[in-house]
Amino acid sequence: MAAKPKLYYFRGRGRMESIRWLLAGAGVEFEEVFLEKREQYEKLENDGRLLFGQVPLVEMDGMELTQTRAILSYLAAKYNLYGKDLKERVRIDMYVDGTLDLMMMIALLHFKNPEEQEENIALIMKKAKTRYLPVFEKILKDHGEDFLVGNKFSWADIQLIEAILMVEELRASVLSDFPLLKAFKTRISNIPTIKKFLQPGSQRKPAPDQHYVDTVKHILQF
Amino acid sequence: MGSRPKLHYLNGRGRMESIRWLLAAAGVEFDEEFLETREQFQKLKNGNHLLFQQVPMVEMDGMKLVQTRSILHYIAEKHRLFGNNLKEKTLIDMYVEGMLDLLEMIVMHPFSKPEDQPKEVVSMTEKAVSRYFPVFEKILKDHGQTFLVGNQLSLADVVLLQTISALEEKTTSILSAFPHLQGFSKKISNVPTIKKFLEPSSKKKPPPDDTYVKNVYAIFAP
């Protein structure tokens, strides 16, 4: 029996959270090693396990995988969440890339100056409501199907629900103008693997707090 | 005979340049429609041609592709420059993600304050020489082959050559400590399709100048 994927990262969301979502969505059990001290990170580096000296690191199938998007693409392909052909795949890729851009703005929010928080949140909300959410609302409206691509559950659906929940943490009413996304959120939340991940006690991580920010800054020395 | 891809971007490198390199390496002829005014950009947006209201956008195979990574992956997959199996594809993906991080610094560089630019060049060079180049030097040394992955030309080779070439423009001796990368650079530059792209009359764009920077602000500034 194959060993479970092993995730090396801080005890928090950051760039690893999308990977946790995708594994969970695919029904794949995984283990985690949490970086809490600089020495642990230095050991990973000195052992040559971090290709470009960075985490996330996912150990699976005899490989030491780094680079978030490369890991996500590998998982999507392996677990059949990448569409049925190249045309579906490129649509999933485009939707995921847009969603990841939005999520990265939110993830970085916590590392910016407190005085700039309000301004940054306002910008994120504006981008979410004018650039990203309308696109997905329209996609769902145009084809009338349950999932974003090919009438089948894919990486794009998992990435979108993760993004929706993150934006809702900033402003709970963000989906008020997007009825189809509201329905999408409910639908995807009820998929058994996703439902399980959304329950307390799962490996889903909470929103970053000061302790998380301080830990990351200490370990990565910035 | 299919129609040629059509690239929508400014007349300059930016985020489209990797796509030009890849299409050229794949031996694919393409057309370009240059964005020169704000009105042109607005027209593209209003006509719903840009999924997330951003360029690059590449019209090909009946689709309007956006998001640099998605476009690169699609072209690589279509033209067999993405490895022979999932493991090779993932290695290529990891290497390219690393290179894109470095290229991002290069793309953003012309937009920083003039007084900060020399410091940034030092920083980019330092990153290249300490974090990225040693990795590729070791890969080439360990397998002794011409290409990075699977003994054949891939997206990874093209993006690495592009990155080396952009950095050499700023620091001519940047490869001085990397004999295998020097060899790699020569060999890949001599691949016939790439050699053609490196000739003066090709669609390869010159380094960004003040006019290019002015145009970007004029067209994209909110």
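Order of the sequence lines fixes the chain letters, A, B, ..., with proteins taken first and strands second; residue numbering starts at 1 for each chain.
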Inset, instruction - Check whether any side-chain heavy atom of B:Lys78 lies under 4.5 Å from a side-chain heavy atom of A:Leu86, and answer yes or no. - result: yes

Inset, instruction - For atom CD of B:Glu115, decide whether the heavy atoms of other residues, nucleotides or ligands shown that lie under 6.0 angstrom number more than 12. - result: yes

Inset, instruction - Let me know if A:Thr130 has heavy atoms under 4.5 Å from chain B in its side chain, its backbone, both or neither. - result: backbone

Inset, instruction - Check the surroundings of atom CD in A:Glu29: do more than 12 heavy atoms from other residues, nucleotides or ligands lie under 6.0 Å from it? - result: no

Legend entry - Interface residue of largest heavy-atom contact number with chain A, from B:Arg131, B:Gln53, B:His73, under 4.5 Å: B:Arg131

Legend entry - B:Phe136, part contacting chain A, at a heavy-atom distance under 4.5 Å: side chain

Inset, instruction - Step through it carefully: locate the ring centre of A:Phe52, locate the ring centre of B:Tyr95, and say whether they are under 6.0 Å apart. - result: no

Legend entry - Over 12 foreign heavy atoms within 6.0 Å of NZ, B:Lys43: no

Legend entry - Distance (rounded to the nearest 0.5 Å) between B:Gln54 CD and A:Arg131 CZ: 4.0 Å

Inset, instruction - First locate atom CG of B:Leu86, then atom OH of A:Tyr74, and finally report the distance between them rounded to the nearest 0.5 Å. - result: 5.5 Å

Legend entry - Value rounded to 0.5 Å, distance of CD1 in B:Ile71 from CE in A:Met94: 8.5 Å

Legend entry - Flag if over 12 foreign heavy atoms under 6.0 Å of CD, A:Glu119: no

Legend entry - Part of A:Met63 lying under 4.5 Å from any heavy atom of chain B: side chain

Inset, instruction - Check whether B:Val66 gets within reach of chain A through its side chain, its backbone, both or neither, counting any heavy atom under 4.5 Å. - result: both

Inset, instruction - With a 4.5 angstrom heavy-atom cut-off, could you sort out which part of B:Lys127 is near chain A: side chain, backbone, both or neither? - result: neither

Inset, instruction - Please tell me if the side chains of B:Phe52 and A:Val135 come closer than 4.5 Å, counting only heavy atoms from C-beta onward. - result: yes

Inset, instruction - Mind listing the closest non-hydrogen atom pair of A:Lys87 and B:Asp61 along with its distance? - result: NZ-O, 2.9 Å

Inset, instruction - Check whether A:Glu64 gets within reach of chain B through its side chain, its backbone, both or neither, counting any heavy atom under 4.5 Å. - result: backbone

Legend entry - Neighbour count >12 (heavy atoms, 6.0 Å) for atom CZ, A:Arg20: yes

Legend entry - Side chains of B:Leu100 and A:Arg69 in contact at under 4.5 Å (non-hydrogen atoms): no

Inset, instruction - Can you measure from OH (B:Tyr132) to CG (A:Leu51) and round to the nearest 0.5 angstrom? - result: 9.5 Å

Legend entry - B:Arg80 atom CZ, over 12 foreign heavy atoms within 6.0 Å: no

Legend entry - Structural part of A:Ile71 lying under 4.5 Å from a heavy atom of chain B: neither

Inset, instruction - Might you confirm whether atom NZ of B:Lys141 has over 12 heavy atoms from other residues, nucleotides or ligands at distances under 6.0 Å? - result: no

Inset, instruction - Mind ranking B:Thr90, B:Asn48, B:Val96, B:Ile92 by heavy-atom pairs under 4.5 Å with chain A and telling me who comes out on top? - result: B:Thr90

Inset, instruction - Measure distances from A:Arg89 to the heavy atoms of chain B and classify the residue's part below 4.5 Å as side chain, backbone, both or neither. - result: side chain

Legend entry - Contact winner vs chain A - B:Glu77, B:Met94, B:Lys138, heavy-atom pairs under 4.5 Å: B:Met94

Inset, instruction - Mind checking the OH-CG spacing from A:Tyr132 to B:Leu51? Nearest 0.5 Å is all I need. - result: 10.0 Å

Inset, instruction - Check whether any side-chain N or O of B:Ser70 sits under 3.5 Å from a backbone N or O of A:Val90 as a donor-acceptor pair, and report yes or no. - result: no

Inset, instruction - Give a yes or no on whether the backbone of A:Asp61 and the side-chain of B:Lys87 come within a donor-acceptor separation of less than 3.5 Å. - result: yes

